[in-house]
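See structure below.
Just the heavy atoms: all of them, side chains too, but no hydrogens, waters or symmetry mates, feed the values below. Each chain gets a letter, A, B and so on, in the order the sequences are listed, and its residues count up from 1.
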Protein chains: 2
Amino acid sequence: MKVNGKQFRTIRVQKGDDKVIQVINQPLLPHKFEIMDILSCREMAKAIENMNVRGAGLIGAAAGYGMYLATIEASRQRDFDSHLEKAAEMLVATRPTATNLSWAVKRQLKAINKAEGLADKVKAAFDTANAIADEDAECGRKIGEHGLPILKEIADRKNGEPVNILTHCNAGWLALVDYGSATAPIYAAQEAGIPLHIWVDETRPRNQGSRLTAWEMEQAGIPYTIIADNTGGHLMQHNMVDICITGTDRVTRTGDVANKIGTYLKALAAKDNKIPFYVALPSSTFDWEIRDGIKEIPVEQRSDEEVKYAFGLYNGQMTKVLLTPPEAKAANYAFDVTPSRLVTALITERGICQPNEESILNLFPEQR
Amino acid sequence: MKVNGKQFRTIRVQKGDDKVIQVINQPLLPHKFEIMDILSCREMAKAIENMNVRGAGLIGAAAGYGMYLATIEASRQRDFDSHLEKAAEMLVATRPTATNLSWAVKRQLKAINKAEGLADKVKAAFDTANAIADEDAECGRKIGEHGLPILKEIADRKNGEPVNILTHCNAGWLALVDYGSATAPIYAAQEAGIPLHIWVDETRPRNQGSRLTAWEMEQAGIPYTIIADNTGGHLMQHNMVDICITGTDRVTRTGDVANKIGTYLKALAAKDNKIPFYVALPSSTFDWEIRDGIKEIPVEQRSDEEVKYAFGLYNGQMTKVLLTPPEAKAANYAFDVTPSRLVTALITERGICQPNEESILNLFPEQR
């Protein structure tokens, strides 16, 4: 997608030095657009853990490049395999809920182990990392294609009035390599000339909505309104939302959806008001091993500081303000699980399926 | 209730000068405890509008004292009645959703009109303002008495484990004159030796939970944990909430509940997880005129700045940080309406009733 008119992806190999990976330093958005150079697997793990890079697709791609950097490092060590294994563990441990992480690491290990000789292993890791990134971008594009008819159908009923879409967190191009998951149909609809208006949940405590999704909409010129996370239910009660679309960090083979904390509450409100609730994902986000999302998906707990403080711009500087009594205790569950019964359908790069095992496996028969 | 060991109410007549009303300047909490002097009806209206005083019961009491100050002012004007009428309109317009405001203003007008002679009118207004405040405090105490058995029953099932109570916004003693509505049963349970733990929704955009409820719990020594507003559903899915108790700004005669935006979402989650959802209120919060809360209760919209900025402590100073792109549009609906079907019961100063007209009128037969 474009930033100030210039084409960007969220992650790329530095031109002229393919041992340097470049990412957008996302916590500084929307106030500052800064490219961060990542020089080692450890730096990549830190960037994932600190959420300099975040979002299901992007952390998959970041893990892919992290494994590539680890392979370069391992090729200089006495024990290649044990170094690589430790790197893999380090990457997977950074964000326990995200399934793309382990998916990308596993894919890399397979490719690297298959290659013979250190140079070939490095090359295999490089090629695989690039393939993961390219495929993720392509998935975003296809999710947009498959989601477009859903928005078109709503638009046809609205007589030129904008289609009101509510989204939570950022499942935009910043969360993937390009296009995004939840936003991909939005960008496709914009291109098709469909009038749109996006309700952007601010998404406390890290405000990925009011920072990142808002910034994306601003860059793309799509009308949007930021709302406190408490607001979606009220809007839905008053017919101000036509459809909800979110991304996800992990989907079970039965269609339960782990996504940013608060998604479950919006899905409940959508159900209560008969508003369709769609989840968009590249298939790398499926966890084919599990069936019960609420019981089986581990929910990451992050630092209580994210809840106790807000982080924003003051006097031109990124500044943290204390919201609570200084001695307060806070809990910070990063995700929740929306049971499949509240989800209308899943939009994947292969097409749309119902949130149940049968329909999902019809689209992905190789997982039977 | 006590602040640093000293007895306080949220509003009082200044000792030594009964033309000065004193309130706690709530936006500075928890960082600073400051008493604000209110010298005129206009100042009182501003304090209500800017939420220096807020909360259903307290703004009723504040409107009562505002009318008393207006009566003093009117008694120095040529046209007493028209001055008083304008003052009444000004007060009622400050917060459109809150029903206690117009309730208190009407009660004052009745008392003032009944009195003859200017001195008597001022005295009637003073007495009525004091009566509204005293009754509100007494309502809080009684709500605590009636709510206590509900918490006791849960405690009996928990074998000494703390009762986990989720609350939204601040319906604590800061929101009434004393004791609070949602917190009154909590304070009563603490006194009865019941082990408690409170989940405190931060309540964006003004963070009344993480600022005010947290500060109250801190002062009272009740264990609590602040959570982002997105979190309650996840906690309920995992049996970490035994009961929800909130306050309200207006209840229809059929039991629909207007309260801080986001209450509806928590009520949906409580229903989905079979967790009791109670609403506590002094009966002055009933709007006996209306039946359909979603259609008939006006929902106040406040400045988008409250959503775009967060307000907290930085370097010892209250500081506003920008969270969004500077040019972003935001919407700020302050309340939502929870339909009665999602409410377990209402806790009032007269006792407990079901959220339906029949049960409510059994408790308040004078409203038949």
Check your understanding: How long is the span from the OG1 atom in A/Thr319 to the CG atom in B/Leu322, to the nearest 0.5 Å?
Key ->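 The distance works out to 11.0 Å.
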
Review point. Got a donor-acceptor contact below 3.5 angstrom from the B/Asn230 side chain to the A/Arg204 backbone?
Key: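 Confirmed, B/Asn230 side chain pairs with A/Arg204 backbone.
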
Point to revise | Parallel, tilted or perpendicular: rings of A/His234 and B/Tyr333 (30°, 60°) | key: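 Plane angle between 30° and 60°, so tilted.
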
Can you say whether [X] sits under 4.5 Å from chain B via the side chain, the backbone, both, or neither, judging by heavy atoms?
{"X": "A/Phe335", "result": "backbone"}
{"X": "A/Val200", "result": "neither"}
{"X": "A/Tyr224", "result": "both"}
{"X": "A/Glu306", "result": "neither"}
{"X": "A/Asn207", "result": "side chain"}
{"X": "A/Lys320", "result": "backbone"}
{"X": "A/Leu235", "result": "side chain"}

Review point. What do the steps show when you test B/Arg341 against A/Asp272 for salt bridge (charged side-chain N to carboxylate O under 4.0 Å, His left out), and what is the final call?
Key: CA-CA 12 Å; B/Arg341 65 185 150 89; A/Asp272 200 45; 3.0 Å; yes

Practice item. Could you check which of B/Leu323, B/Leu212, B/Asp336 has the highest count of heavy-atom pairs closer than 4.5 Å to chain A? Key: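 Sorted descending by pairs with chain A, the first entry is B/Leu323.
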
Practice item. Kindly give the heavy-atom pair with the smallest separation between B/Gln237 and A/Pro339, and that separation in Å. Key: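 Scanning both residues, the minimum pair turns out to be NE2-CD, 3.9 Å.
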
Exercise for review: Tell me, for B/Phe311 versus chain A, whether the close heavy atoms (under 4.5 Å) come from the side chain, the backbone, both or neither.
Suggested key: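 It is the backbone, since no side chain atom gets that close.
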
Practice item. Below 4.5 Å from any heavy atom of chain A, which atoms of B/Gln317 appear? Answer side chain, backbone, both or neither. Key: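 When you check distances to chain A, no heavy atom of B/Gln317 falls under 4.5 Å.
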
Practice item. Would you please go through residues 162-175 of chain A and name the residues with a non-hydrogen atom below 4.5 Å from one of chain B, in numerical order? Key: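 Heavy-atom contacts from residues 162-175 of chain A to chain B are A/His168.
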
